[in-house]
Amino acid sequence: DTGVSQDPRHKITKRGQNVTFRCDPISEHNRLYWYRQTLGQGPEFLTYFQNEAQLEKSRLLSDRFSAERPKGSFSTLEIQRTEQGDSAMYLCASSLATGQGNGYTFGSGTRLTVV
Amino acid sequence: AQTVTQSQPEMSVQEAETVTLSCTYDTSESDYYLFWYKQPPSRQMILVIRQEAYKQQNATENRFSVNFQKAAKSFSLKISDSQLGDAAMYFCAYRSAIYGGSQGNLIFGKGTKLSVKP
């Protein structure tokens with residue numbers, strides 16, 4: 001297991017198009033998180049899953065955003081009708097549900113540029 | 001709502017010297033975890049050190065140690081014997097440990113950019 005994988009690394013899209021990102025967590029981790037990071041800022045929480053259940057969503061996650069984790073393994077984050085304000089790094093992380101003091105393991109992120 | 005504040009946007013340290021990065025947080029909860037993460041340029045975020053709020057003893061990981069002052073809600077990171085590879089963005093983060101709290105939400109500060117001079 002090589003850690004948390006995110007695909008693609010970079011995505012350039014035209015405004016109004018839909019985009020989908022994928023995250024493959026560490027296999028034994030049952031929690032998966034999505035964060036958004038803009039330039040010069042810390043990551044902001046979007047949503048998280050425990051197994052296949054989506055347990056929490058941030059108010060940042062507008063109706064244009066949807067996340068799934070259908071089999072409790074990989075997850076997808078879709079943004080519909082992209083806007084220039086969606087340009088950011090989208091980070092995925094995973095952890096075990098037990099031992100909340102355990103830190104998350106982050107992926108390298110998907111950098112989205114909306115033109 | 002909990003907040004995390006890092007008041008130093010940028011810091012610089014000479015190689016082999018010691019530097020301290022500041023972090024303060026605001027919470028009404030009594031049980032939580034605090035973390036420092038390192039994010040090198042164009043690379044993934046890595047956990048540096050963690051602290052449980054119920055533990056009075058400050059956490060230490062090799063050259064990295066924290067000064068946790070619960071009453072003051074302060075959580076600073078000390079890097080000793082700084083190395084060129086320590087250059088990165090450093091983020092302080094908070095996570096609730098309260099059942100029913102926002103347990104999925106790791107709350108980050110805005111970060112401190114650390115430069116290491118040879």
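Chain A is the first sequence line, chain B the second, and so forth, proteins listed ahead of strands; every chain is numbered from 1.
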>> Sort by residue number and list every residue of residues 66-78 of chain B having at least one heavy atom under 4.5 Å from chain A.
In response: none
> What about B/Tyr37 and B/Phe91, are their ring centers closer than 6.0 Å?
Replying inline: no
> Is the B/Tyr25-B/Tyr32 ring centre distance short of 6.0 angstrom?
Replying inline: yes
> What do the steps show when you test B/Tyr94 against B/Glu29 for side-chain hydrogen bond (donor to acceptor under 3.5 Å, both in side chains), and what is the final call?
Replying inline: CA-CA 11 Å; B/Tyr94 170 103; B/Glu29 298 175 336; 2.5 Å; yes
Using non-hydrogen atoms only, which part of [X] is less than 4.5 Å away from chain B: side chain, backbone, both, or neither?
X       : value
A/Glu44 : neither
A/Arg9  : side chain
A/Leu91 : side chain

> Does A/Arg69 use its side chain to pair, donor to acceptor, with the backbone of A/Ala53 at less than 3.5 Å?
Replying inline: no
>> If we ignore hydrogens and angles and just use 3.5 Å, is the side chain of B/Gln8 paired with the main-chain N or O of B/Ser22 as donor and acceptor?
In response: yes
>> Please classify the contact between B/Gln39 and chain A as side chain, backbone, both or neither, with a heavy-atom cut-off of under 4.5 Å.
In response: side chain
> So A/Arg64 and A/Gln80, side-chain hydrogen bond (donor to acceptor under 3.5 Å, both in side chains) or not? Walk me through it.
Replying inline: CA-CA 5 Å; A/Arg64 296 185 298 104; A/Gln80 296 181 328; over 6 Å; no
>> For A/Gln54 and A/Thr47: C-alpha separation, side-chain torsions, deciding distance, then whether side-chain hydrogen bond (donor to acceptor under 3.5 Å, both in side chains) applies.
In response: CA-CA 7 Å; A/Gln54 189 172 18; A/Thr47 188; 2.7 Å; yes
> Does one side chain, of B/Ser30 or B/Tyr54, offer a donor that lies under 3.5 Å from an acceptor on the other?
Replying inline: no
